[in-house]
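Notes for the one structure printed next.
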There are 2 protein chains.
Amino acid sequence: MAPASTRPTSRDVAQAAGVSQAAVSLVLGDKWRGRVSATTAERVREAARDLGYRPNLAARNLRLGRTRTVLLVVPVLTTEFFAGVYTGAARVAAEHGFGVVLYPSPEGIGPARDPFASAQAALDGVIASSMAADALTAIRGDQLPLVMLDSDPEGSLGAATVNLDIADGVRQVAEHLLGLGHRDFLHLAADVPSWTFEVRARELAARVGSVAGTSVRTTRAPISIEGAQAAAEAALADPGSRVTALVCDDDKLAAGAYKAARRLGLRIPDDLSITGLDDLALATAIDPELTTVRLDAELFGEHGMRALLAVLDGRVPEEGDIPVELVVRGSTGPPGAA
Amino acid sequence: MAPASTRPTSRDVAQAAGVSQAAVSLVLGDKWRGRVSATTAERVREAARDLGYRPNLAARNLRLGRTRTVLLVVPVLTTEFFAGVYTGAARVAAEHGFGVVLYPSPEGIGPARDPFASAQAALDGVIASSMAADALTAIRGDQLPLVMLDSDPEGSLGAATVNLDIADGVRQVAEHLLGLGHRDFLHLAADVPSWTFEVRARELAARVGSVAGTSVRTTRAPISIEGAQAAAEAALADPGSRVTALVCDDDKLAAGAYKAARRLGLRIPDDLSITGLDDLALATAIDPELTTVRLDAELFGEHGMRALLAVLDGRVPEEGDIPVELVVRGSTGPPGAA
DNA sequence: CGCATGAGGTTTTACGTATAACGTCCTCTG
DNA sequence: CAGAGGACGTTATACGTAAAACCTCATGCG
């Protein structure tokens, strides 16, 4: 018996089954029909099972020149949202025999950091979200098939893009609030330079601006509950403020806004209506429950992976943004309901 | 010029620099001192840079017989906690030239699912959290070095374990509540068979039970806000209930308990003190802010990875649980403060 | 002078797999 | 009954890398 420390190879299986290594490869690769008899094939499979044989992926990858592994680049993983994106992408990948490796960029990727240094596996393609342009060009230089998530279709260096229909979500929020009678808006915006946030600002301004007698102020905050609380408190404390509707770039910012409102003695939604965007677990944990736009993160990841598979396959990925849905809960109501 | 579609190999670099492939390997592998002149080495590096050479990982892995890639098995990724574990593990891994591949087991791993099917990369080792025993033995059968997170040190088939000091956290919670004067406890327990939850129940019973005149009831719920709300509401609605302190197995359950309390008209903490465990973003988003036990997920991941690196290195991983910390906030106070 | 030593390389090999190219028989058909 | 082809394999090769083994000069030293 060979030393237990070294794993059996296809040659070991061949020897055990009394055939050549090539036959083992044919049988286990399911390419044996017409080449190997059914009884021999069964003998090979049995030997493989007995020995606990597992193909050496490194050797296979080398031989085939592909790895069936893709890289997913996300800003930070420690959020429900991107964890969901990963889960969706990984599920579709697994269905097609692919694996997904993560590259969570801690502080945005700069030229000094190499997205591939941490990806030990060789890669067949890349799905990237919200990346700095320099890292993007570094990837392009590698000639790897690339799909961009939530980024400007115009400025993506020709890469395929898969986007959530954020603009439509903001449109729904604006119309919901306008319909309730709100006229004075505050936009609590994420302090992050990313196309997905630019879209929010642009669409909100366009929708609200199309109605006479309205106003939209903007204040920026880092994406954290504390940061949002501070920014919202400062903006709302302004004595001249007549704001009745606070539109937040995401749910975390909205959670911060809740605390700001509480400290200022503003009741939600009587004195101030608040909306979020994401629909995290957070949204139903706070009181009142948050009116927000549901983004299906897993679906987003699934679409991203499907698009990449299409590119790898030489096909053209489907066009079209992923629909989002306004979920109305208790944090919005008519202004001045007191 | 070679077709742009095929990436340059070390042989291409060698040709460009006018040396042999071996020389390229020596220089780029930083093993050239005393074997190649400094000027030649520089010439090789320049050629590599010009061609945009990147070593083929599959070939390297095959040659070296190791991949510097480990698998992290987590119950679900879509939670702050396990996303944090990944982030910590990946950081330490990167520092040592390792990569981390994820295996998120959707519904607990059964024998039908193969933890390795989705891991395209060949693996050097495994870090596993809260796994079903059958998958565990499957992994053991592969002879891969294994580190278990938060699992029974006695029943881990001889694998190294890295644990958070959950018992101490529960102890701190119990003493905090006992010190405030609480005597009637309800334990809102996670409906998941896992060692880490068993520890909570055992320790709570031991601590509270050591004081005369106390009682602990238990009710179980799935780990979701809705499930927790339903279970807590049912348990608290019992007219004979004199419960003043509700100890939850994690923050998400606590968030559900908040909603149950609200619906029953119980004020927090005046009528009911509530504690959680995790210290997610959720904990400071709800009102009042949640008294909970802070688990440092990233640190947990770091320790797990360090332990695995030690095993891979033939060393013995450090012993000792990772300390946790009670964070007292507004959700706990003396009983009957009304 | 004779030979060890070391600098500066090159040639060769192995890692484990997938598959193209190549052999045997044996049977069927015209 | 010749030979075409199918059934059932085997042999040989390449993927790109790391590193062991080897080679060739100078130079130094006794």
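Lettering of chains follows the sequences in order, A, B, ..., and the numbering in each one begins at 1. What's counted below: heavy atoms across the whole structure, side chains too, no hydrogens, waters or symmetry copies.
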Could you tell me the separation between the [atom1] atom of [X] and the [atom2] atom of [N], rounded to a whole number of Å?
X       : N      : atom1 : atom2 : value
B:Arg60 : D:dT17 : CZ    : C1'   : 8 Å
B:Trp32 : C:dG9  : CH2   : C1'   : 14 Å
A:Asp30 : C:dT19 : CG    : P     : 12 Å
A:Arg7  : C:dT17 : CZ    : C1'   : 13 Å
B:Leu51 : D:dG16 : CG    : P     : 14 Å
B:Arg66 : C:dA14 : CZ    : P     : 20 Å
B:Leu26 : C:dT11 : CG    : C1'   : 13 Å
B:Arg33 : D:dA19 : CZ    : C1'   : 17 Å

- prompt: Want to settle it: does B:Val36 or A:Leu28 sit nearer the 5' end of DNA chain C, counting the closest nucleotide to each?
  reply: B:Val36
field: 5' precedence on DNA chain C between B:Leu64 and B:Thr39 (nearest-nucleotide basis)
entry: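 The residue mapped nearer the 5' terminus is B:Thr39.
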- prompt: Do A:Thr67 and A:Asn61 get their side chains close enough for a donor-acceptor pair, meaning under 3.5 Å?
  reply: no
query: Checking only heavy atoms, does the side chain of B:Arg35 share a donor-acceptor pair with the base of C:dG9 at less than 3.5 Å?
result: yes
Please confirm whether the backbone N or O of [Y] pairs with a side-chain atom of [X], one donor and one acceptor, at under 3.5 Å?
X        : Y        : answer
B:Asp150 : B:Asn163 : no
A:Asn56  : A:Ala58  : yes
A:Asp124 : A:Arg68  : yes

query: Base, sugar-phosphate, or nothing: which does A:Gly34 touch, judged by heavy atoms less than 4.0 Å apart?
result: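 Since a base atom lies under 4.0 Å of A:Gly34, the category is base.
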Sugar-phosphate, base or nothing in reach of B:Ser25, heavy atoms under 4.0 Å: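 Result for B:Ser25 = base.
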query: Given A:Glu46 and A:Arg49, is the salt bridge (Lys or Arg N to Asp or Glu O under 4.0 Å) satisfied, shown in steps?
result: CA-CA 5 Å; A:Glu46 193 183 321; A:Arg49 215 177 318 115; 5.8 Å; no
Go through [options] for me and flag the one nearest to the [X] side chain.
X       : options                : value
B:Arg11 : C:dG9, D:dA12, D:dT17  : D:dT17
B:Thr9  : D:dC8, C:dT19, D:dT17  : D:dT17
B:Pro55 : D:dT17, C:dT17, D:dT10 : D:dT17
A:Val19 : C:dT17, D:dG16, D:dT10 : D:dT10
A:Gln21 : D:dA20, D:dA12, D:dG9  : D:dA12
B:Leu62 : C:dG16, C:dT10, C:dT17 : C:dG16

Report yes if at least one side-chain N or O of [X] is closer than 4.0 Å to OP1 or OP2 of [N]; otherwise report no.
X       : N      : value
A:Thr40 : D:dG9  : yes
B:Ser10 : D:dT17 : yes
B:Ser20 : C:dT11 : no

Show me, pair by pair, the donor-acceptor contacts under 3.5 angstrom made by side chains of residues 299-312 of chain A, not counting sequence neighbours?
from, atom 1, to, atom 2, distance (Å)
A:Glu302, OE1, A:Arg306, NH2, 3.4
A:Glu302, OE2, A:Arg91, NE, 3.3
A:Glu302, OE2, A:Arg91, NH2, 2.9

